[in-house]
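Input: a single structure, listed below in structure tokens.
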Amino acid sequence: MKAIALLGGPNISWPIDIKDKLVKAREKGTFIIGVDRGSLLLEELNLTPDLAVGDFDSLKKEELLRINQSVSDIRYSVPEKDLTDTELALHYAFDDYCVDSLSLIGATGGRLDHFLTNLFMLLKPEFRQYAEKVQIIDQQNYISFLKPGKHAVKRIENYTYFGVAPLNEVEELNISNAKYNLAGYSNTNPVSLSSNEFLPDQDTFNVSFKKGLIAIIQSRDLERFQNIQK
């Protein structure tokens, strides 16, 4: 079972036509999660989440009452806690509901510290096992994660560029079948190897490495994409 979680990030960075995409996903059996204010945002899209997670301290009384009356599974947290609401959502999604993948929407934009927390949380030992099952998606970016090994990365439709970003120490990173290839790269610090591209006649590129966790960031110029959509 696939899952989508809507966080409380600003809707200006949400994927285009998010309501239609969420409706179609639900029709296919996708599990919908609201994280803190994301639960209310789903309700405002006329979509009741299957699971709501958070301390909900940013909601007014009547907004929280709406969540309480409509959502069948609510997991309350306290404002002062060791795990963020998003991390708790990962825990419940994978451990309690045994989902196969989890896409996070509303995890970028707004406060930069929140985005970095969402990006780096998969480095934690308790969540690293789920890294390759998590995606962070917004209007311009599709972020996935890879653990050591050999991988063929498939192009996401309408995404032009990609970056390879080691989030911690990486050993013998290789990129091939791309516009800019790389061989035997090692580094002890996080780094973003950005602005790479798929080859014109290829829909995959290859990446391999022996140590570390890397983020694959497929991206696009928003203005150009909007022109294509017209």
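- Ile12 meets the side chain to side chain contact (heavy atoms under 4.5 Å, CB included) test with Pro10; sequence neighbours excluded.
- With values rounded to the nearest 0.5 angstrom, Lys150 atom NZ is found 13.0 Å from Phe209 atom CZ.
- Atom OH of Tyr185 sits about 9.5 Å away from atom CD1 of Ile175, to the nearest 0.5 Å.
- Taking the six-membered ring for Trp and thresholds of 30 and 60 degrees, Phe162 and Phe205 have nearly parallel ring planes, at less than 30 degrees apart.
- Partners of Ala25 under the side chain to side chain contact (heavy atoms under 4.5 Å, CB included) rule, at least two apart in sequence or in another chain, are Ile4, Thr30.
- Qualifying salt bridge (Lys or Arg N to Asp or Glu O under 4.0 Å) partners for Lys24, counting only residues two or more places apart in sequence or in other chains: none.
- Looking at heavy atoms from C-beta onward, Arg26 lies in side-chain contact with Asp50 at the 4.5 angstrom threshold.
- Of the candidates Ile137, Thr108, Asn141, Thr108 is the only one forming a side chain to side chain contact (heavy atoms under 4.5 Å, CB included) with Ser13.
- Salt bridge absent: Lys210 and Glu171 never bring a charged side-chain N and a carboxylate O closer than 4.0 Å.
- Annotation: salt bridge (Lys or Arg N to Asp or Glu O under 4.0 Å) contacts of Asp95 (sequence neighbours excluded): none.
- The closest donor-acceptor contact from the side chain of Gln218 to the backbone of Ile156 lies under 3.5 Å.
- Put simply, the side chain of Val170 does not reach to within 4.5 Å of the side chain of Val191, judged on heavy atoms.
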Show the atom names and distances, to 0.1 Å, of all donor-acceptor pairs under 3.5 Å that link a side chain in residues 96-107 to residues at least two apart or in another chain.
{"unit_1": "Asp96", "atom_1": "OD2", "unit_2": "Arg75", "atom_2": "NH1", "d": "2.8"}
{"unit_1": "Tyr97", "atom_1": "OH", "unit_2": "Asp73", "atom_2": "OD2", "d": "2.4"}
{"unit_1": "Asp100", "atom_1": "OD2", "unit_2": "Met1", "atom_2": "N", "d": "2.3"}
{"unit_1": "Ser103", "atom_1": "OG", "unit_2": "Gln135", "atom_2": "OE1", "d": "2.8"}

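- The side chain to side chain contact (heavy atoms under 4.5 Å, CB included) search around Val23 returns Lys19, Glu27, Leu47, not counting sequence neighbours.
- Other residues, nucleotides and ligands contribute only 12 or fewer heavy atoms inside 6.0 Å of the OH atom of Tyr180.
- Side chains of Ile33 and Tyr92 form no contact here, defined as non-hydrogen atoms less than 4.5 Å apart.
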